[in-house]
Number of protein chains: 2
Amino acid sequence: MVKYKEKSASETEERILEAAKHEFMRFGIEGTSIQQIADAACINKSLVHYYFRTKEKLFKRIFIEAFSSFISHVEDIINRDISFQKKIEQIIESYIDLLKNNSYLPGFIIHEVNRNPDRLFELIQNANIKPQKIINQISIEIEKGKIRKVDPRHFFINVLALCIFPFIARPLLQRIFFNNNEKNYMKFIDERKKEITEFIIQSIKS
Amino acid sequence: MVKYKEKSASETEERILEAAKHEFMRFGIEGTSIQQIADAACINKSLVHYYFRTKEKLFKRIFIEAFSSFISHVEDIINRDISFQKKIEQIIESYIDLLKNNSYLPGFIIHEVNRNPDRLFELIQNANIKPQKIINQISIEIEKGKIRKVDPRHFFINVLALCIFPFIARPLLQRIFFNNNEKNYMKFIDERKKEITEFIIQSIKS
DNA sequence: AATTAATTTAACCATATGGTCAAAAATACA
DNA sequence: TGTATTTTTGACCATATGGTTAAATTAATT
């Protein structure tokens with residue numbers, strides 16, 4: 001008689017996942033060896049194969065999770081029952097918070113998507129991304145005269161750009177503007193929430 | 001008697017450089033093998049070593065060139081003797097044009113800088129980057145009351161973000177918003193010049 | 001034409017990699 | 001306690017990689 005398995009992933013399994021995430025995020029799939037992951041997890045190399053079969057499978061697991069956390073956030077807020085302006089504020093606030101805790105997330109996704117665009121194909125269908133929703137909401141605000149006439153797609157991309165870019169370009173910006181001082185850069189990022197919000201609100205005043 | 005050498009790089013050498021640029025940009029240094037570069041250049045693998053000794057040396061050459069073209073552009077425009085608003089317009093216009101012809105440029109730099117931040121150290125000194133200049137110019141505009149009070153650093157980063165992000169995230173955006181239709185995306189990017197300019201000008205109206 | 005120098009090629013090397021496998025160790029089960 | 005099952009380990013394999021070297025080919029020089 002077989003008991004209910006998988007009641008919880010074994011500790012080693014989770015250690016591997018965490019180590020893999022850490023390494024993949026920084027160095028990409030090509031820049032990360034299984035040995036490297038094993039070392040980071042303080043386990044034997046073969047265990048990685050024991051739990052995840054192949055590097056590709058392990059990578060996919062990490063990638064899908066990362067990708068989901070990257071886009072589901074926005075989807076979530078868009079569906080909330082609050083004013084348009086509040087939505088903008090919350091998207092900015094929560095997106096920046098997410099990225100503060102996952103600095104490498106956007107760069108990771110972008111690199112891997114560039115390296116192998118096919119990966120997206122399957123993923124986007126599963127993820128069921130519907131940008132139309134946010135686009136429509138913006139259009140409605142324009143019709144109501146609440147904001148000036150802007151292309152909703154451009155506007156949406158602008159919001160994303162302003163939030164995400166400082167993290168993607170962090171090594172550069174931190175060094176150039178803050179003498180590579182991490183704390184100061186993070187303070188700057190926090191200020192940014194207010195700054196971006198004002199910037200955007202001002203830019204769409206009708 | 002030795003003649004003046006290096007009158008011009010040999011054709012093979014340039015073929016290698018071009019192929020290396022192409023491959024490195026897309027797949028990074030780890031994701032690109034010398035064989036891959038040789039194949040792309042249609043030459044024997046050993047020739048790569050003959051002309052550039054090591055992969056790292058070849059990579060550095062490509063990286064430095066890419067990095068320079070990436071930042072010198074802005075520096076250049078900042079020093080022109082035109083109005084502040086014109087500068088903004090020109091930075092946007094010419095930056096987007098640069099990226100249109102070098103789609104992979106920003107992603108490439110960001111990935112490699114993340115993977116090996118030390119690379120920046122030596123480079124930034126050589127490049128002699130002085131962000132203070134643009135920062136000062138923005139401050140002056142604020143003092144003159146020409147634009148509203150904004151943090152110059154945030155403002156500068158905003159301009160960069162709005163220009164660069166659509167290229168970094170291109171595989172994603174192109175797929176989600178344009179059914180992966182390249183032409184339509186490029187049309188969109190062109191529209192963007194005007195769109196961003198308006199967006200920014202509007203956002204700093206005093 | 002003969003010689004010298006530069007370019008190209010193929011064979012080779014050491015190493016690192018992803019992955020397999022069978023034995024050992026630990027755990028669960030009866 | 002003894003057996004079956006799961007987890008861990010180390011040895012091993014085929015392959016790809018960056019790089020070297022010496023020979024072959026081509027171009028330049030006299």
Side-chain angles (χ1 to χ4, degrees), chain A residues 1-64 111-112 115-116 118-119, chain B residues 1-64 111-112 115-116 118-119:
Chain A
M1 170 129 301
V2 180
K3 277 229 224 122
Y4 287 98
K5 299 278 275 324
E6 306 289 336
K7 52 180 175 177
S8 74
S10 82
E11 199 205 312
T12 17
E13 197 176 337
E14 259 166 38
R15 285 249 293 285
I16 294 172
L17 278 171
E18 223 167 296
K21 184 177 169 187
H22 188 265
E23 303 301 306
F24 280 149
M25 287 264 183
R26 274 174 180 69
F27 309 111
I29 187 174
E30 311 276 7
T32 306
S33 71
I34 291 192
Q35 187 62 58
Q36 197 177 324
I37 294 170
D39 290 348
C42 296
I43 48 101
N44 186 288
K45 193 191 95 169
S46 290
L47 280 179
V48 179
H49 289 106
Y50 177 73
Y51 282 104
F52 299 96
R53 298 294 301 269
T54 70
K55 186 183 177 183
E56 181 67 25
K57 279 199 170 66
L58 174 56
F59 176 80
K60 228 168 201 166
R61 169 94 172 250
I62 302 289
F63 183 75
I64 288 173
H111 176 69
E112 297 302 342
R115 209 189 51 87
N116 183 359
D118 292 336
R119 236 189 269 286
Chain B
M1 169 129 303
V2 180
K3 276 230 225 119
Y4 287 97
K5 299 276 280 323
E6 307 288 333
K7 53 181 173 177
S8 74
S10 83
E11 198 205 313
T12 17
E13 196 175 338
E14 260 167 36
R15 284 249 293 285
I16 294 172
L17 278 171
E18 223 168 295
K21 186 177 169 188
H22 188 266
E23 303 300 306
F24 281 149
M25 287 264 183
R26 273 173 181 68
F27 309 111
I29 186 174
E30 312 275 8
T32 307
S33 70
I34 291 193
Q35 188 62 58
Q36 196 177 325
I37 294 171
D39 289 349
C42 294
I43 48 101
N44 185 287
K45 192 191 95 169
S46 290
L47 281 178
V48 178
H49 289 107
Y50 178 73
Y51 282 104
F52 299 97
R53 301 294 301 269
T54 70
K55 185 184 177 182
E56 181 69 25
K57 278 198 170 68
L58 174 55
F59 177 80
K60 228 169 201 165
R61 170 95 171 251
I62 302 288
F63 183 75
I64 289 173
H111 176 69
E112 297 302 343
R115 210 187 51 87
N116 184 358
D118 291 337
R119 236 188 270 284

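Proteins come first, then strands; the chains are lettered A, B, ... in the order of their sequence lines, and each starts at number 1.
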Roughly, in whole Å, what's the span from [atom1] in [X] to [atom2] in [N]?
{"X": "B/I34", "N": "D/dG19", "atom1": "CD1", "atom2": "C1'", "result": "7 Å"}
{"X": "B/F52", "N": "D/dG19", "atom1": "CZ", "atom2": "P", "result": "13 Å"}
{"X": "B/L58", "N": "D/dT17", "atom1": "CG", "atom2": "C1'", "result": "15 Å"}
{"X": "B/Q35", "N": "D/dT17", "atom1": "CD", "atom2": "P", "result": "7 Å"}
{"X": "B/E11", "N": "D/dT26", "atom1": "CD", "atom2": "C1'", "result": "15 Å"}

Considering heavy-atom distances to DNA chain C, does A/Q36 or A/R53 have its closest nucleotide positioned more toward the 5' end?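 With A/Q36 and A/R53 compared, the 5'-side residue is A/Q36.
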Have A/N116 and A/E112 got a donor and an acceptor in their side chains that come within less than 3.5 Å?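 Checked: A/N116/A/E112 side chains show no N/O donor-acceptor pair below 3.5 Å.
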Please walk me through it: do B/I29 and B/E56 pass side chain to side chain contact (heavy atoms under 4.5 Å, CB included)? CA-CA 8 Å; B/I29 186 174; B/E56 181 69 25; 3.7 Å; yes
Give me the atom names and distance for the closest heavy-atom approach of B/I43 to B/I16.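 That closest heavy-atom pairing would be CD1-CG1, 3.9 Å.
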According to the interplanar angle, ranging from 0 to 90°, do the rings of A/F24 and A/F59 count as parallel (below 30°), tilted (30 to 60°) or perpendicular (above 60°)?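 Answer is perpendicular, since the angle exceeds 60°.
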Quick check on side chain to side chain contact (heavy atoms under 4.5 Å, CB included): which of B/L58, B/T54, B/D39, B/V48 does B/I34 satisfy it with?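 Among B/L58, B/T54, B/D39, B/V48, the one that satisfies the side chain to side chain contact (heavy atoms under 4.5 Å, CB included) with B/I34 is B/V48.
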Between B/E30 and A/R115, does at least one N-O distance fall below 4.0 Å, as a salt bridge requires?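 Looking at A/R115 together with B/E30, the answer is no, because their closest N to O distance does not fall below 4.0 Å.
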Kindly state which residues belonging to residues 38-47 of chain B come within less than 4.0 angstrom of DNA chain C, counting heavy atoms of the residue only, listed by number.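 Listed by number, they are B/N44, B/S46, B/L47.
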According to a strict under-4.0 Å criterion, is B/Y51 in side-chain N/O contact with OP1 or OP2 of C/dT8?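 For C/dT8, OP1/OP2 do have a side-chain N/O of B/Y51 under 4.0 Å.
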